[in-house]
Amino acid sequence: MKNKSSDASEVVILERCWVVEFRSKTGVSIVLKFQSGEPDLYLEAASKPDCESWAVALGEANSEGLQNKIQHLQRLVMEIKEERSSDEAQQFLPTSQLDSLGEPQFTSIQRIANEPKLEFSLACKDLVAATRDRKLNTFIQVSVVHPAEHILTRYSSTEIVEGTKDPLFLTGVTFPPEYPIYEETKIKLTVYDVKDKSQDTVRTSVLPDHKEPRADVGRSFLGCATFRVVDLVKSKEQQLTLTLRTSDGGKTVGTIEVNLVKMGELEEGETDHITADTQDQKCALVRECTATEGLSGKDNLPSLNAVLRNPVCKLYRFPTSDNKWMRIREQMAETTLSFHVPKELINLHIKEDMRRNQELKDLGELAPHWDNMRKSVIAHCDQMLSMYQDTLAELGKHTGSSFKSSCSKGEKTLEFIPINLHLQRMHVHSPRLKDALYDVITVGAPAAHFQGFKNGGLRKLLSKFEAERRNTGYQCIYYSPENTAKAKEVLSNINHLQPLISSHADLLLSSASQRSPDSLKNSLKMLSEKTELFVHAFKDQLVRSALLALYTARPGCVLKKPAVHRNSAEEGDDVQHQDHPSQIKRQDSIPHHSEYDEEEWDRVWANVAKSLNCLIAMVDRLLEKDDISNIKEGENEPSAADSKVLHTGGDWYEQLYPLVITLKDCMGEVVTRAKQSMAFVLLQELACGLPQCLMLTLRRDIVFSQALAGLVCGFIIKLHTGLHDQGFLQQLHTVGLLVQYEGLLSTYSEEAGMLEDMAVGISDLQKVMFKVIEAKSEDFLPIITGRREHYIIEVQLPAKMFELLPQEIKEGKLLRMYPVLFNVGINEQQTLAERFGDTTLQENINQENLELLKEYYKLFTEKMPPDCLPHFQEQNDLKGLLGSLHQNIQAKKRKNVEIMWLAATICRKLNGVRFTCCKSAKDRTSMSVTLEQCSILRDEHQLHKDFFIRALDCMRREGCRIENVLKNVKCRKYAFNMIQLMAFPKYYRPPEGTYGKADT
């Protein structure tokens, strides 16, 4: 140490000491603490960067730090020697040279389609600790040396096994189908001893692949071993026993066993008896497999590959209660639907809004008050339409990842995209049991994050808006939400049916010109069915009352001038109905029924039915005459002259043409009037709440878009996995599909608003219907049609898969969805809500959705045989579960997570689709999904009770969900702190060392 005069005043030996950095009131300080018990040494730094650099320098300025650097350099030298060994040298090619070859010059690994390329499990024996009395806490880091490169890439790690020199690792290693691994690839296994799990920051932070972490951050190097993939794949026993050596390659520190894993294949007479010598590994673990049925054939690949992207695979082996191995493959994949569905939906919104704006413009002349109102509405609508178009354009520019990270949830350009949408799948292979798949869709709660939650979410905002709209006074006419929805339905029916009727009428005339009786009958049948639907659409009091309201909004009604019929509908009315006065004296007040002919509308739309009846009667007469002519021709051959007279006099086309034109004219008059009246209703809805109405529509569209993307993903995955399950397919078209959402949001602060958004978005999914069609091209992405409040999703399947469907589904039967939401807040904010706030929102949502679930169960029991489902053994099972769910919801117990467990179990037993949601689908969702997976293994696959917690920790520490955290925030840490976790239910807490400060 030096004083101000630069003379040395004190010498500090930096051995057996550690550095502590902290902020004081005056600046940033460093404290040196000594193991010898000498007084602490306080050093002052000029700034925080100086403090950090000094802390690093002082921490490494000792013999241990120097020794670590030397060991690190020795390992690097050894790796370089390995990579450049003479027998391998020709296999390592630069990436650029490899690309120029056109095809890899390496040997591919033989594998089944859509299965991982390589999977193996790991165990160590006779590990040697650095000190004799130390109990080892070890894990294995797996690295890959690609044959075309000179760089060592860290790939994965096992879990930490504590207190044993013979660790048996439950976490295996799996390489997905897309991973570039070949027989020539080398795999390096490095064993570490963890001193302090909470300080093992290397395993929870992101480092460049070519950089090794500091060795003094909670772990120490024990030994390493390297093998080539071909040695494992082609070994007779499908097992390698490798010697672990220190970094200099001299000292042996134990052995490591690598066992090749092939899920589902029979291993004749081959078992591994591995007996643990610690409390955590007491039972003898036997590895034994039986044959299995294929779960996903190669025919499924094209359509699934169109939907799923960037899979992450993890492999585990857990002991069963009878001391046998079960194997678990955990998979996670993002989906292209995250962007495809919102873009399709926004495109439909744009078309619908453009059509509505045109319908408002086509209302004709209105009184000044109504006309000004219309101009204001159209101006606001055009502005909103422009916003949708800009959003679609921005999404069209998006490239790269198929998912929206949790950090992007507040971005305006991505507000229609679901947050962190992934498929989470668990594939279980158990001894003596069939292989099983368990799928959960994980997604951030559908909510309008960019718009915020200052005034609550959709549930509150819609209720408040409707109350205010009732009190708008004289400025506009109030129509209930039901009437507004009915107006939109009528307009949709008009736009759908009118072109169909016109098309069928033309086909009828074509059949008549060809004089084809069978074709004529079929064309008439289709025309009759569509026309009857068309007529039925207008049998509603709303149309009649809206026509009256529109009548009073015309200019003449205000100015007391004679009516001047400026639109074709009114001119046609005068021509057809001479008894109606051509000029009506209008008044300022709304006219009485005596002044407005209400029955006129009935006559107008009834004319369509009369025209159809005339057409049917004419076709019947023509066919009857044709039958008589055929009989006479059969009895006596007529002369050529008689035949010519018969055909000329009986020209079907000429006799049907006038009647078809009359039908089209009558239909056109109905369409014009109905469109104007329904557009007037929509004008009132918009005018009563500008601009709140449009902003609420936008918010609802955003939330619905996020919810729909998840639903489409869930339906497609469920359809693929259930294609060979005839009971499920029968249930799908007979009853519909149950879709159960598990919410983990609190009812405090902003999350209460998110929950309100989510509840409305999920409820809106009831208006979605699915239809399965045969794909006509290689594009298997779903097609979305319809309008707000009524969408049809067409899911495309390849021909071979389509043939497996029941006839009802193949014929295009629409499939209904039954979405239900159960929410239980589990974090510290929910603690505040329970003690100082309000949990009514959660209670109401759970109660409402319990009734919906009971309704679905009632439909199921009425329409399906009791033995149709593989999980369904007795009716009483589900009755008991529903009863327990009802009791738990009524109990109003704090953080009653049993509600979610029961709802999830009921959903699986009813062949439903499972969703798990929290704010970002990252932290709380990961805790819930991993707990659900381990609970299934325990309850359905006999997971050994002593290994439940360890299995849970494996999945949370090294499983797919920690990879999901990494994808979102570039850090392998769940965003929890110790204080937060104290408020969490016991089984929702992550293992030590996997959580800490991280941006969410």
Side-chain angles (χ1 to χ4, degrees), residues 424 426 438 440-445 740-748 751-752 754-755 758-759 762 820-835 837-850 853 880-909 912 914-940 943 945 948-949 951-953 955-956 961 974-976 980-991 995:
Q424 176 82 16
M426 182 173 68
Y438 299 94
V440 179
I441 307 298
T442 61
V443 64
Q740 186 254 324
Y741 289 80
E742 173 185 304
L744 298 160
L745 295 171
S746 69
T747 54
Y748 185 81
E751 287 199 6
M754 295 175 204
L755 181 57
M758 183 183 182
I762 290 172
V820 294
L821 165 65
F822 294 95
N823 187 86
V824 177
I826 62 171
N827 65 358
E828 76 287 355
Q829 288 190 325
Q830 187 62 23
T831 303
L832 294 174
E834 289 169 343
R835 295 186 179 179
D838 185 11
T839 60
T840 307
L841 173 64
Q842 176 175 285
E843 293 165 6
N844 290 342
I845 288 173
N846 290 344
Q847 186 60 50
E848 292 164 11
N849 285 273
L850 174 63
L853 183 58
L881 288 169
L882 281 167
S884 297
L885 180 60
H886 176 82
Q887 290 173 5
N888 277 277
I889 289 174
Q890 294 297 321
K892 298 182 181 180
K893 177 184 172 184
R894 291 179 178 177
K895 294 184 182 176
N896 189 0
V897 291
E898 194 168 346
I899 290 173
M900 297 189 294
W901 301 344
L902 288 166
T905 303
I906 292 169
C907 175
R908 285 194 299 271
K909 287 185 178 293
R914 282 271 300 111
F915 282 78
T916 299
C917 311
C918 63
K919 183 168 66 173
S920 301
K922 178 172 63 67
D923 304 305
R924 280 170 283 177
T925 293
S926 296
M927 298 302 103
S928 177
V929 165
T930 49
L931 176 59
E932 180 176 354
Q933 289 179 168
C934 288
S935 298
I936 289 171
L937 294 177
R938 179 193 60 200
D939 300 337
E940 304 288 340
L943 172 67
K945 63 180 182 178
F948 179 81
I949 297 299
L952 196 57
D953 286 354
M955 289 184 175
R956 289 173 176 174
R961 298 316 301 182
Y974 299 110
F976 303 130
Q980 285 176 310
L981 292 177
M982 289 172 66
F984 275 49
K986 178 182 176 182
Y987 291 113
Y988 289 83
R989 299 170 187 170
Y995 56 88

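Index from 1, following the sequence.
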message: Pair Q890, Q847 - check side-chain contact (heavy atoms from CB on, under 4.5 Å), show working.
response: CA-CA 8 Å; Q890 294 297 321; Q847 186 60 50; 2.5 Å; yes
query: Which heavy-atom pair separates Q740 from A904 by the least distance, and what is that distance?
result: OE1-CA, 3.5 Å
For A752 against L841, the heavy-atom pair lying closest together: O-CD2, 3.6 Å
task: Over all heavy atoms of both residues, which pair between L853 and V820 is shortest? Give the atoms and the distance, please.
output: N-CG1, 4.0 Å
query: Which heavy atom of N823 sits nearest a heavy atom of N846, and at what distance?
result: N-OD1, 2.9 Å
- request: Please step through side-chain contact (heavy atoms from CB on, under 4.5 Å) for the pair L755 and Y748, ending with a clear verdict.
  value: CA-CA 10 Å; L755 181 57; Y748 185 81; over 6 Å; no
- prompt: Could you state the interatomic distance from CG (D953) to SG (C934), rounded to the nearest 0.5 Å?
  reply: 9.0 Å
statement: In this structure, CD1 of I906 is separated from CG of L882 (nearest 0.5 Å) by 4.0 Å
message: I want to check something: taking the side chain as every heavy atom from C-beta on, are T831 and F984 in contact at a cut-off of under 4.5 Å?
response: no
query: Are the side chain of T442 and the backbone N or O of S926 linked by a donor-acceptor pair below 3.5 Å?
result: no
Shortest non-hydrogen separation from Y974 to D923 and the atoms involved: CA-OD1, 3.4 Å
field: From N844 atom CG to I889 atom CD1, the distance as rounded to the nearest 0.5 Å
entry: 11.5 Å
query: Has Y987 got more than 12 heavy atoms of other residues, nucleotides or ligands less than 6.0 Å from its OH?
result: no
- request: Determine whether the aromatic ring centres of Y741 and F915 lie less than 6.0 Å apart.
  value: yes
message: Within the structure provided, determine whether L952 and T930 are in side-chain contact (heavy-atom separation under 4.5 Å).
response: yes
message: Would the distance check show the side chain of E751 and the main-chain N or O of S746 forming a donor-acceptor pair, the cut-off being under 3.5 Å?
response: yes
statement: The reported gap from CE in M955 to CG in L937 (rounded to nearest 0.5 angstrom) is 5.0 Å
field: Whether Q830 side chain and K895 backbone form a donor-acceptor pair below 3.5 Å
entry: no
Distance in Å, Q933 CD paired with Q424 CD, rounded so as to fall on 0.5 Å steps: 5.0 Å
- request: Look at R908 together with E932 and state whether they make a salt bridge at an N to O cut-off of under 4.0 Å.
  value: yes
Check: G825 main-chain N/O paired with Q842 side-chain donor or acceptor under 3.5 Å: yes
- request: Would you please test F822 and L885 for side-chain contact (heavy atoms from CB on, under 4.5 Å) and show each step?
  value: CA-CA 10 Å; F822 294 95; L885 180 60; 4.0 Å; yes
Aromatic ring pairing W901/Y988, orientation class (parallel under 30°, perpendicular over 60°, tilted between): parallel
- prompt: Counting distance only, does the side-chain N/O of R924 pair as donor-acceptor with the main-chain N or O of L744 below 3.5 Å?
  reply: yes
task: Run through M426, E742, R914 and flag the one making a side-chain contact (heavy atoms from CB on, under 4.5 Å) with V440.
output: R914
- prompt: Do side-chain atoms of R956 reach the backbone of M927 as a donor and acceptor pair under 3.5 angstrom?
  reply: yes
statement: Separation between CG (L981) and CD1 (I826), nearest 0.5 Å, reads 9.5 Å
query: Looking only at heavy atoms, what is the nearest atom pair of L745 and A445, with distance?
result: CD1-CB, 3.6 Å
